[in-house]
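If you read the sequence from its start, that first residue is 1, and numbering goes on from there. Predicted, not measured: the structure shown is a model, and the values here were computed from it.
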Amino acid sequence: MSTRLSVHTNAFKIERITENKKYYQYDGIVSIDYHLVIHTQDTCPVALGVCASLQFQFESEVKQAGRRIEIFERLQNHTEPTLFTPKVIYDGDADRILLRHAGFWAIPHGKYSFRLHISAFEVNMSDRGPSKRRLAVTLKRVDASTIDFNELRQFLDGRLKQQTPKVIVAINLLQLIVRQGPNLKYPNNIRSFFTKDAGKVALGGGLEAWKGFYQSVRPTHNQLLINVDVTCGVLYQEGRLIDVALALLGQSHVRALRLSESSPDFRRLKSFFKGRRRYKQFIPDAGHYQFQKASDGPQISVQEYYRETYNIHLQYPDIIGVGFTSKGQVTVIPAELCVVLPNQRYVRKVPQECTKKMVEFSSEKPQARMEAILRGLSGSGPNTALDYKSSPYVQEAGLQISATPSMIDGQVLKTPGMAYGQSNNLVFPRNGGWNVLNQKFHQPRSISAWAVVDYSLNKARARSNTERFVKMLVDCCGQLGMSISLTQVYKVGSQNVAQDLLNAGKEASQQNPPDLILVVLPSSAAEIRLAVKQFGDVHTGISTQCVREDKIARANNQYCNNVAMKINAKLGGVNAVPRSSVLDKLRESPFMIMGVDVGHPAPGAVDQPSVASLVFSFDVDATRYEALTCIQRPRLEIIEDLGSMVKNAVSLFGNRNKTPPQRLVLFRDGLSEGEYAQAATKEIQAIKDALDALWKERSVNRPKPLLTYIVVGKKHHVRFFPKSQNEADKSGNCPAGFVADKGIGNPMAQDFYLQSHGGLLGTSRPSHYIILEDENFGRRLDILQNLSFCLCHSYARATRSVSIPAPVYYADIVCARANFHFDPRLHYDDSAMSSVSGWP
């Protein structure tokens, strides 16, 4: 039986919205109508986004959101503070201005031009008097209707059953209102802002991590909440460009920046600074770069030019510089004269070598996390960024926001027992985990022919370390019920990975492919691992298992057990089976569990496709899965070929089991709230159309399977906090199996939050389940919650319940694994796709 539990959550109630506030929408266009020339003075370094040019021509329209925000702030706070009262609310991402009065055309003002619904202004960004920097700001009314909160209030009261366009616009307006103040002061990504006052740490490699806060207005049943959470952002280290570049390369002497364009370090620098404001390109040997000083003048080097023109004697003329191109002319600035400006976010994937520090810095126990949030809201101490009482935008809107976290009621679900071997004795998890000591795999597999290929860098101790590990691994596999031959081929790897593995496999088994090739890798060996998976997945179909030399050198029984679980699952075995009444009920008729996900290219990749994956169970315990993949247009979240993928899966299930499934339960990963409607209209309909087509093609005389479609959300900031340590697990988190379906749910869809895993590091994140279709269980949340929790225990690689159902985890891994299946000659970014920690 489940037990009731009340907890705090990081949501704060909006207790009041003033009735009569109205807003008007404008488009804001910022343009520059001149050419700007920047001159350096004496030995002053040039401070720009990354570096400076002596001459720079702006485009006619300012495109950077951050720069547009700066200009609008200058307009309303310095140029025309009286006219812009109350203050403008500006969405820098969408060029949308929200004003509290109807239009400027009604206000006489001699300096500016006014037409109906259009106003134009000139903005001077300098505090030192008139400037050539004349910026034109044009505001144009885009919607005749006003924005108010009337329909939103009706929606919350239940008088409106759907989110009308006006309700959605009102919620978006509230998002802007609560975020506007801090987003104007701190680096941000719209939803979150980051401040050194909340804490920062140097990650190395020219990067820093800053803590900050996430804010989101969320409608729930009969109330509005602000979800506030601690978050972390990665920023470029500020300071001299030389220092940042050396930190990136892990070097200490400036001579390391004497780079040619073909150098790998040169390419690293180019990639690292790509997209920075005013950075265009790096130039090698910058001080000796030659250019024509005047249209009819002689050639002169950059070093000579700075000495003659500015009396600047370059200390490092042989290192890189930064180049700008304007009208076909390249202007070069030496790196020693450039600085990296503060508050610049790093938007690419965090480098692997920084991940450990990032995780340590961002992980906070639940109590510490809530205390940080409350400090931010209290307005006391150095960190007052979230003080809504001091925000002019919040106060002008008449919002009153509670400083007390909301309390919600939930329950802790009954934990399923885990069946090992063929015994009826069950192992019951505690705190989300269990031990395999003295247990046998439910369906162990045998290994008769296998090989070891060793790429260890420590050649002196490689074989002895590997042989010690292999012996431990064989012993562990035997204790877990696997039959594994003591005899295996041992080969030292060379530079030709595919040939190494092919030769080792042939030596291990002359007639048939070997059961397994175990590959020992150095600590950092992405290229070797890629070649191994290409060989196994794409070219031969041979199972491969990678291990790292540093880990096998200190391997213990637990590590060997973990490797054994991976190997048994890869060979088609079943490690353990969760037992629960909901799964027993499902077994009464043929059923199939599916996990579906889409993996997208890394930021900055332009032509790399997204990968859609579908995994489906084909056994009575929903523990064995097969995978299907397809590619589609980059960053498209809705799966174009989902219908055909489900059709293939159902067909394969029917061929294997001699009967089609009667129930389909699909867990869909990756959808945002704005995509639920598309999923309901496109993906669910595509599945039903595919089933209709399959039944017609096969002339099946049985009913088509019933469909349950559940979205599993992970990218949210809802957290649960036990009221006392007595109600928490040993990590300070809510117990594994805590579920909440009231108080913070989506008012438009049936949903629940399930924290299925025990806490390990920091504050656990529950998964959000949204039921978009349920033909199987009559939308009974108790059944869906227990089924989801049960499937979180069937992940083959762990002796712990995981944070999402196993099929969702597998689909995520398949998307990440698909990156190994592209032709290496395409040079796709190896950091792309879903980021699930290694599937060896």
Side-chain angles (χ1 to χ4, degrees), residues 45-52 64-67 69-70 182-215 229-252 254 256-257 265 268-279 282 322 335-336 338-364 368-369 372-373 375-376 381-386 602-604 717 761-763 831 835:
V46 181
L48 295 171
V50 168
C51 49
Q64 298 93 347
R67 182 62 174 155
I69 290 175
E70 291 175 11
N183 282 3
L184 291 173
K185 292 190 284 186
Y186 305 109
N188 65 86
N189 62 5
I190 307 300
R191 293 178 177 85
S192 302
F193 66 91
F194 312 99
T195 166
K196 287 183 282 189
D197 292 337
K200 77 168 187 173
V201 67
L203 297 176
L207 298 174
E208 297 176 340
W210 292 14
K211 286 190 177 176
F213 296 95
Y214 166 91
Q215 305 175 90
D229 194 22
V230 175
T231 186
C232 283
V234 180
L235 288 89
Y236 286 91
Q237 172 188 322
E238 65 175 284
R240 296 194 314 159
L241 176 59
I242 285 177
D243 296 334
V244 178
L246 289 175
L248 169 65
L249 301 179
Q251 300 290 337
S252 57
V254 179
L257 300 180
D265 283 344
R268 282 185 69 192
L269 285 168
K270 182 179 177 181
S271 173
F272 183 74
F273 287 106
K274 183 179 180 181
R276 289 304 83 217
R277 189 170 151 195
R278 303 184 188 175
Y279 160 72
F282 280 114
V322 182
E336 63 189 85
C338 300
V339 297
V340 178
L341 289 178
N343 301 336
Q344 297 191 86
R345 291 176 50 243
Y346 181 79
V347 296
R348 308 190 75 184
K349 184 177 179 181
V350 178
Q352 187 174 357
E353 59 270 20
C354 301
T355 303
K356 183 180 179 183
K357 272 191 178 180
M358 184 70 179
V359 170
E360 291 172 350
F361 177 66
S362 60
S363 298
E364 287 185 295
R369 193 185 197 98
I373 293 170
R375 281 197 303 272
N383 182 20
T384 59
L386 281 171
H717 286 265
L761 185 66
T763 306
S831 67
S835 54

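Asp265 meets the side-chain contact (heavy atoms from CB on, under 4.5 Å) test with Leu249, Leu259, Ser263, Arg268; sequence neighbours excluded. Applying the side-chain contact (heavy atoms from CB on, under 4.5 Å) rule to Val350 yields the partners Val234, Cys354; only residues at least two apart in sequence or on another chain are considered. For Gln215, the side-chain hydrogen bond (donor to acceptor under 3.5 Å, both in side chains) partners two or more places apart in sequence, or in a different chain, are Tyr388. Residues forming a salt bridge (charged side-chain N to carboxylate O under 4.0 Å, His left out) with Glu353 (at least two apart in sequence, or on another chain): none. Legend: residues meeting side-chain hydrogen bond (donor to acceptor under 3.5 Å, both in side chains) with Asp229, ordered by chain and number and at least two apart, are Arg369, His717.
Taken to the nearest 0.5 Å, the CG atom of Leu203 stands 12.5 Å off from the CH2 atom of Trp210. In this structure, CG on Asp197 lies 10.5 Å from NZ on Lys200, to the nearest 0.5 angstrom. Between the CZ atom in Arg345 and the OG atom in Ser192 there is a gap of 8.5 Å [rounded to 0.5 Å]. To the nearest 0.5 Å, atom CG of residue Leu207 and atom NZ of residue Lys357 are 11.0 Å apart.
Looking only at side-chain heavy atoms (C-beta outward), Phe213 and Thr231 stay at 4.5 Å or farther from each other. Here the side chains of Phe361 and Lys211 are in contact, with some heavy-atom distance below 4.5 Å. Inter-residue side-chain proximity for Asn189 and Phe194 is flagged as met; some heavy-atom pair is nearer than 4.5 Å. Side-chain atoms of Ile373 and Tyr214, non-hydrogen and from C-beta on, never get closer than 4.5 Å to each other.
No donor-acceptor distance shorter than 3.5 angstrom exists from the side chain of Asn343 to the backbone of Pro187, with no hydrogens or angles considered. Between the side chain of Thr355 and the backbone N or O of Gln352, at least one donor-acceptor pair lies under 3.5 Å.
Between Phe273 and Tyr236, the angle of the ring planes stays under 30°, which puts this pair in the parallel group of the 30/60° scheme.
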Q: Starting from the C-alpha separation in whole Å, work towards a yes-or-no answer on side-chain contact (heavy atoms from CB on, under 4.5 Å) for Leu257 and Phe282.
A: CA-CA 11 Å; Leu257 300 180; Phe282 280 114; over 6 Å; no
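Of all the heavy atoms in Ala245 and Leu269, the pair that sits closest is CB-CD2, 3.6 Å. Of all the heavy atoms in Ser363 and Gly762, the pair that sits closest is CB-CA, 4.1 Å.
Within the structure, every pair that satisfies the salt bridge (Lys or Arg N to Asp or Glu O under 4.0 Å) test and touches residues 233-247, not counting sequence neighbours, is listed here: Lys196-Glu238, Arg240-Asp243.
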